[in-house]
**Q** 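My questions all concern the structure below.
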Amino acid sequence: MSKGLIAAIVALIVLALVPVGAPSTVVFFTLCLAKSLAVLGILVLIRADQVSFGHAMYFAIGAYTAAYITAEFRNIDIMLVILAAAISSLIAGLLVGLFVTRYRGIFFGMINLAFSMVLYSGLEKAFHITGGSDGLRIRRPTLMGMEFKRAEFDLVIFYVTLAMVALCFWLVWRYLRSPLGQALGALKTNETRLEYLGLSARRVLLTGYVISAVLCGLGGVLLGTVQGLATPEHAFWSRSAELVFIAVLGGPGHVAGALSGTVIFEAVRTFAAAVLDDSWQLILGITLIVIILWAPGGLVELWKRVFLRKGKTGEEVQK
Amino acid sequence: MSTDKGTLLLQAEGLKLRFGGIIAADGINLSLYKGEHLAIIGPNGAGKTTFLNICTGYLKPDAGKVTLNGREITGRPPRSITRMGVARAFQIPQLFTGHTVLENMLLAASVRERHWGLLRNLMRIPERAEMEHLLDMVGCADVRDRLASELPEGKRKLVDIAVALALKPEVLLMDEPTSGVATADKFGVMETLMKALREAGVSSVFVEHDMEMVGLYATRVAVWAQGIIQMTGEPKTVLNDPDVIRNVIGSGEHA
Amino acid sequence: MDIILLALLDGIAYAALLFLVAVGLTLIFGVLGILNIAHGSLYAIGAYVTATIGTWLVANGYNPWLTFPALIVSAILVGVILGGLIERLLLSRIYTKEPILQLLITFAVFMILENLQRMIWGVQPYFLDTPLTLLGNVSLAGVNYTLYQVAFLPLAAIAVLVFLRYFLRHTTMGAQILAVTEDREAASSIGINATWVYFVTFVIGASFAALGGALATPTTSLVTGMGANMIVLSFAVAATAGLGQIEGAAVSALMIGIARSFAVYLAPEIEVVMPYLIMVLVLLVRPNGLFGKETVRKI
């Protein structure tokens, strides 16, 4: 337990030193951190054995919220932008969640996908409101009354994102160990008993769903603010697929998988982009198959197997 | 709701249910009074489990109603009936196979105590000691930290009952509580179980095929056949009834 | 009045294509218990292969009527080769795994196929309208319609439905498929080769997806992303009917196809949303779809 805490603190310190040690990678790490929040959201649902192929919609909702609110209120504080995105993704997650939590497995995954495709085409077609496929600009927000130039702002948003990541990962880690979070795992193995404990399986899943939607919304608002842009592409299915991919790559067993998975994923992509741009999805798909067939626990399990000699794979734990 | 038999807890009136052509219940009237341990016996496939399913809201009857402490509960979902004080143990144990035995118990305890704070650690809820004690009592202390999926059938059955007890119910419904438990342990297990129920003041209904068990532990017996209750009464009277011996005990004893 | 007829005929033609793809999806799900997310890609690749072969035939001066058999041949090629490879190399390894992993595997296949399709055919739209122009037009109530859409597509869909019904109810292979669907273990124990049944079912289902794509080729231009759209659409059709319901898929394909084409004419802004709107409304009232049965777990 304390080992994990030390690892978390070390990771946090190392990340906090990135602007000092490798200033050129600040934006890269900000993007990674923002995305890892969304991946964390997917991870929460995987706890209940549910995969959503449409969670990028909350990512887009976060980004578009930032676009609207920064356009409406010039020089608004970034904390308010984040709060607004959290609220809008929470409301959207609740509305969609009320419907999708009636379903499990295939239906759950596909109905989420359907919702995200509706949002995607809506964003693309409603040109006068959403700016069509070009999207909307997200203006640079302020922090505690201070305005920033581009370079300064990169630093500010890096630390804001890092703080959000630290907070959210801690909260989710606590949540997953709490009765409500444990019930999410219980839902995976026996919904009947859950009901016979006096719990609504649907409400347990809905809580997890809304949490995951908010996490994706936060990822979207932070990533959008860094890039200064919200586009329909944020809601596209390939974006959702990427999130699921990273969650599986990182390993669904531990929250740490979300962060390590994202950093590795983005690093590989950055290096490989020049060479492999055209075959990126192909590589993702093949890797995904390899992981599922031969390393179902993802990176976290591989790490454990290699370094801690804990023999169990994710599959063995479940069976 | 008091009669000469005491306080009426659970009452089924005129329950009817059919699945396609099969009649499971054809006008079931059955009551459970406080402090009773009612055994339901009858041939296999007679609808005894269906009765438990109806009482707990898992199935909806075609006709009739179920009341708990005078309040109608027909049509309510299992979670709501559970919260009203009716717990259930299953013929096939229903456990969270990805969790340890203790975690299974703690989840049950946390529901009752409403520890649904998002950030409280399940392993540190105050009921932990109590739950460990309960596991000890049903003889499952040794498997406390094992995954529920790894347990042998007999232990799984006991943990299933312990989880139901962790809910601190008023009524416990059990479906063949000792099937799957090794024959040598059966009576010991049942003995501790009934003691626990009496201590906690829990009334129970149990479906049972083992007539010796019924004779020893039931305070009253109901005979279920052809979709109706053929007779009810003291174990002595019912188990010695010639009709019952011919139709039920003769055919039903392959538990 | 014209608009109603126009929308209705358009809708039926569209429903025919939807049905072809959805029935493959639902057949595979019904038998294998796997929802093949790569199904939409098989549709898209079926379309591209058809366009490629058709264009080649026409460009090399062959009889343009040969494009009709080319539709069928492309579909079977894609279904047997690509579908067969997917089943043998991947799906056959995961039948015993958890549903979530099965879902992820077919999703991975989907990603791979989408990428391959882009690498092979690029992002430029493809056309092949030879079959459409060959069949010519008919005039109904003063409006011209292409015979291909008014008659050929619906007839093709009906033929597939009749074929499937006959195949499943009156052939040995069909009986074996139904037996394996009912209970794989019991079927295996009486000597049915379940592995073979799974393979055949998947290939048939994949061929229907490819056939849907092949038949769609003359009516639309082929663009990247058509596979992604089709998987969600065909899922909407299959889910509205109830997953695994073959005749039901025909009914819901008609519902969704016609509703969508009415939306095209009357309320174009909700056109894209229409299929999902119907699916959500149906599922709200009947969570297992129009013809799906509720399963109660035995406890």
Side-chain angles (χ1 to χ4, degrees), chain A residues 46 48-51 53-54 99-100 102-111 113-122 124-126 188 190-193 196 236-238 240-242 244-245 247-248 252 278-293 296 314-315 318-319, chain C residues 25 29 33-38 40 89-90 93-94 97-119 122 225 228-229 231-236 238-239 243 268-277 279-280 283-284 287-289 296-299:
Chain A
I46 289 185
D49 228 7
Q50 304 303 318
V51 180
F53 292 119
F99 181 65
V100 296
R102 292 156 61 110
Y103 298 96
R104 306 285 180 271
I106 294 162
F107 273 80
F108 183 86
M110 294 302 290
I111 295 173
L113 179 58
F115 272 105
S116 78
M117 303 224 9
V118 168
L119 180 68
Y120 171 76
S121 56
E124 216 182 22
K125 296 224 162 127
K188 168 179 172 171
N190 202 326
E191 282 196 36
T192 309
R193 175 50 97 182
Y196 273 104
F236 198 55
W237 67 264
S238 60
S240 300
E242 216 172 83
V244 171
F245 175 84
V248 176
D278 207 35
S279 51
W280 183 236
Q281 273 177 7
L282 182 72
I283 293 165
L284 291 191
I286 292 170
T287 318
L288 190 56
I289 290 172
V290 170
I291 295 174
I292 291 171
L293 292 181
E315 217 185 346
Q318 282 151 16
K319 285 289 147 180
Chain C
L25 187 75
F29 179 83
I34 287 181
L35 187 90
N36 177 25
I37 297 182
L89 292 182
L90 287 172
R93 292 165 184 268
I94 56 160
K97 295 218 176 195
E98 295 154 68
I100 189 173
L101 295 181
Q102 301 177 338
L103 207 57
L104 286 169
I105 287 270
T106 63
F107 198 87
V109 176
F110 169 61
M111 289 166 90
I112 293 170
L113 292 183
E114 286 290 291
N115 202 151
L116 284 178
Q117 173 204 318
R118 221 174 30 241
M119 287 168 97
N229 279 324
I231 177 59
V232 198
L233 267 174
S234 58
F235 173 79
L243 278 183
E269 57 280 354
I270 63 161
E271 174 218 322
V272 185
V273 191
M274 203 62 196
Y276 311 117
L277 205 63
M279 173 180 78
V280 168
L283 292 182
L284 273 176
N288 295 293
V296 177
R297 202 161 81 103
K298 221 175 146 101
I299 54 171

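Reckoned from all heavy atoms, side chains included, excluding hydrogens, waters and symmetry mates.
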**Q** Who wins among C:L113, C:I105, C:N229 for the most heavy-atom pairs under 4.5 Å with chain A?
**A**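 Result: the option with the highest number of such pairs is C:I105.
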
**Q** Could you check if a side-chain atom of C:L104 sits within less than 4.5 angstrom of a side-chain atom of A:I291, using non-hydrogen atoms only?
**A**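 No; the side chains remain at least 4.5 Å from each other.
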
**Q** May I have the step-by-step check of side-chain contact (heavy atoms from CB on, under 4.5 Å) for A:V51 and C:F107, ending in yes or no?
**A** CA-CA 11 Å; A:V51 180; C:F107 198 87; over 6 Å; no

**Q** Measure C:L277 against the heavy atoms of chain A and call it side chain, backbone, both or neither at under 4.5 Å.
**A**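 C:L277 has no heavy atom closer than 4.5 Å to chain A.
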
**Q** Determine whether A:I289 and C:I112 satisfy the following criterion, side-chain contact (heavy atoms from CB on, under 4.5 Å), listing intermediate values before the conclusion.
**A** CA-CA 10 Å; A:I289 290 172; C:I112 293 170; 3.9 Å; yes

**Q** Of all residues at least two apart in sequence or in a different chain, which pass the side chain to side chain contact (heavy atoms under 4.5 Å, CB included) check with A:R102?
**A**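 Listed in chain order: A:F99, A:R202, C:L284, C:P287.
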
**Q** Out of A:G105, A:A241, A:G285, which one racks up the most heavy-atom pairs below 4.5 Å with chain C?
**A**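 Option with the greatest count: A:G285.
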
**Q** With under 30° as parallel and over 60° as perpendicular, where do the rings of C:F235 and A:F107 fit, or are they tilted in between?
**A**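 Plane angle over 60°, so perpendicular.
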
**Q** For residues A:S279 and C:N115, report the shortest heavy-atom separation together with the two atoms involved.
**A**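 Taking A:S279 first and C:N115 second, the nearest heavy atoms are C-OD1, 3.1 Å.
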
**Q** Applying side-chain contact (heavy atoms from CB on, under 4.5 Å), run through A:F53 and C:F110 and close with a yes or a no.
**A** CA-CA 12 Å; A:F53 292 119; C:F110 169 61; over 6 Å; no

**Q** Find the one option among A:L282, A:L293, A:T287, A:L284 whose heavy-atom pairs under 4.5 Å with chain C are most numerous.
**A**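 Looking at each option in turn, the highest pair count goes to A:L282.
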
**Q** So do the side chains of A:W237 and C:V232 get within less than 4.5 Å of each other, counting heavy atoms only?
**A**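 Sidechains of C:V232 and A:W237: no contact.
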
**Q** Please test A:M117 against C:V272 for side-chain contact (heavy atoms from CB on, under 4.5 Å), starting from the C-alpha separation and ending with a verdict.
**A** CA-CA 9 Å; A:M117 303 224 9; C:V272 185; over 6 Å; no

**Q** With only heavy atoms counted, which part of C:I37 is less than 4.5 Å from chain A, the side chain, the backbone, both or neither?
**A**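 Just the side chain, heavy atoms under 4.5 Å.
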
**Q** What distance do C:M279 atom CE and A:M110 atom CE have between them, rounded to the nearest 0.5 Å?
**A**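 These two atoms lie 8.5 Å from each other.
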
**Q** How many angstroms lie between CE in C:M111 and CH2 in A:W280, if you round to the nearest 0.5 Å?
**A**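 One gets 9.0 Å once the value is rounded to the nearest 0.5 Å.
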
**Q** Considering residues at least two apart in sequence or located in another chain, which fulfil the salt bridge (Lys or Arg N to Asp or Glu O under 4.0 Å) criterion with A:E242?
**A**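 Partners of A:E242 under the salt bridge (Lys or Arg N to Asp or Glu O under 4.0 Å) test: A:K35, A:R269.
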
**Q** If I measure from the heavy atoms of chain C, does A:F236 come under 4.5 Å with its side chain, its backbone, both, or neither?
**A**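 Contact with chain C is absent: no heavy atom of A:F236 under 4.5 Å.
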
**Q** Nearest 0.5 Å, please: how far is CD1 in A:I111 from CG in C:L283?
**A**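 The distance works out to 5.5 Å.
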
